[in-house]
Amino acid sequence: QVQLVESGGGLVQAGGSLRLSCAASGLTLSSYTMGWFRQTPVKEREFVAAINRGAISSAYADSVKGRFTISRDNAKNTAYLQMNSLKPEDTAAYYCAADSSGGLGQGKYDYDYWGQGTQVTVSS
């Protein structure tokens, strides 16, 4: 059974940092592109970042470029999202996802497996 479990969310002041982790089980992470998405009660799930299987290529939403960094450790079957210079508008539930196609998908329908999400709240 495939499971993706996010952790590392919480409450942080604007300008602060958080590091999210996504631990995978039931699949070999190195076979999947990993992505991060976020969602609020009033906005659809939106793309944040993606990294390909070998960590050679990555993609970011314009809103997080230069502030967020996606990475992965295939040996640990874990993906990460380092979030710096956080803003109140980054407040959302953050989800990791796995895509078997090998691309750098930015659409939620590109992904095969999803975690349950972790809440990030940035106070002003």
Side-chain angles (χ1 to χ4, degrees):
Q1 181 183 358
V2 175
Q3 275 194 313
L4 300 177
V5 179
E6 301 95 337
S7 61
L11 174 64
V12 64
Q13 287 188 331
S17 298
L18 284 174
R19 188 195 196 202
L20 304 184
S21 297
C22 173
S25 60
L27 58 78
T28 302
L29 203 73
S30 59
S31 298
Y32 292 80
T33 287
M34 295 302 295
W36 287 94
F37 288 74
R38 64 188 182 187
Q39 187 172 7
T40 71
V42 297
K43 287 182 67 174
E44 290 189 4
R45 193 167 297 192
E46 65 174 6
F47 171 77
V48 174
I51 187 167
N52 70 348
R53 294 166 177 166
I56 295 173
S57 299
S58 58
Y60 295 91
D62 288 343
S63 58
V64 306
K65 276 181 185 174
R67 300 188 298 122
F68 290 12
T69 303
I70 189 171
S71 62
R72 61 192 299 157
D73 186 336
N74 289 337
K76 294 183 178 180
N77 241 30
T78 303
Y80 304 96
L81 185 68
Q82 177 67 42
M83 306 187 295
N84 298 330
S85 302
L86 282 160
K87 304 175 181 179
E89 50 264 44
D90 294 319
T91 294
Y94 283 72
Y95 299 85
C96 70
D99 167 17
S100 62
S101 74
L104 274 177
Q106 299 187 24
K108 57 186 179 181
Y109 298 110
D110 294 327
Y111 289 81
D112 306 297
Y113 302 106
W114 291 86
Q116 83 290 345
T118 186
Q119 180 67 35
V120 171
T121 303
V122 185
S123 63
S124 57

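A distance of 11.0 Å separates CZ in R38 from CZ in F47, rounded to the nearest 0.5 Å. The CG atom of L27 lies 10.0 Å from the OG atom of S100; values are rounded to the nearest 0.5 Å. Residue I51 holds its CD1 atom at 13.5 Å from CG of D99, rounded to the nearest 0.5 Å. In this structure, the separation between CD on Q3 and CD on Q1 is 5.0 Å, given to the nearest 0.5 Å. Here the CG-OG distance, from N52 to S58, works out to 8.0 Å after rounding to the nearest 0.5 Å.
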Please list, one pair per line, the donor and acceptor atoms closer than 3.5 Å that link side chains of residues 29-36 to other protein atoms, with sequence neighbours excluded.
{"unit_1": "T33", "atom_1": "OG1", "unit_2": "G103", "atom_2": "O", "d": "2.5"}
{"unit_1": "W36", "atom_1": "NE1", "unit_2": "Y80", "atom_2": "O", "d": "3.3"}

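The two residues A50 and G105 make their nearest non-hydrogen contact at CB-O, 3.9 Å. The heavy-atom pair separating L20 from G9 by the smallest distance is CD2-N, 3.6 Å. When every heavy atom of L104 is checked against every heavy atom of S57, the shortest pair comes out as CD1-CB, 3.7 Å.
With ring centers used as reference points, Y111 lies under 6.0 Å from F37.
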Salt bridge (Lys or Arg N to Asp or Glu O under 4.0 Å) between D90 and K87: does it pass, once the steps are laid out?
-> CA-CA 5 Å; D90 294 319; K87 304 175 181 179; over 6 Å; no
Q82 vs S71, side chain to side chain contact (heavy atoms under 4.5 Å, CB included): CA-CA, chis, key distance, verdict | CA-CA 8 Å; Q82 177 67 42; S71 62; over 6 Å; no
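Checked by atom type and distance alone, the side chain of E6 pairs as donor or acceptor with a backbone atom of G117 at under 3.5 Å. R67 contributes a side-chain N or O that, together with a main-chain N or O of S85, makes up a donor-acceptor pair within less than 3.5 Å. Checked by atom type and distance alone, the side chain of N74 pairs as donor or acceptor with a backbone atom of R53 at under 3.5 Å. For T91 (side chain) and V122 (main-chain N/O), a donor-acceptor pair under 3.5 Å exists by modelled atom type.
V120 and Y95 are members of different hydrophobic clusters when ILVMFWY side chains are connected at heavy-atom separations under 4.5 Å. In the hydrophobic cluster analysis, where Ile, Leu, Val, Met, Phe, Trp and Tyr join through side-chain heavy atoms closer than 4.5 angstrom, W114 is grouped apart from L4.
Using a 4.5 Å cut-off on side-chain heavy atoms (C-beta onward), L81 and T69 make no contact. Side-chain contact between N84 and L18: absent, with no pair of heavy atoms (C-beta onward) separated by less than 4.5 Å.
Evaluation of the disulfide bond (SG atoms under 2.5 Å apart) test over residues 36-91, restricted to residues two or more places apart or in two chains, returns none. Listed by first and then second residue, the salt bridge (charged side-chain N to carboxylate O under 4.0 Å, His left out) pairs that reach into residues 71-84 come to none, sequence neighbours excluded. The stretch residues 26-67 participates, sequence neighbours left out, in no disulfide bond (SG atoms under 2.5 Å apart) pair at all. Residue pairs that meet the disulfide bond (SG atoms under 2.5 Å apart) test with at least one member in residues 11-119, sequence neighbours left out, are C22-C96.
The aromatic rings of Y94 and F68 lie tilted to each other, with the angle between the two planes from 30° to 60°.
In terms of the salt bridge (Lys or Arg N to Asp or Glu O under 4.0 Å) criterion, R19 has no residue partners (sequence neighbours excluded).
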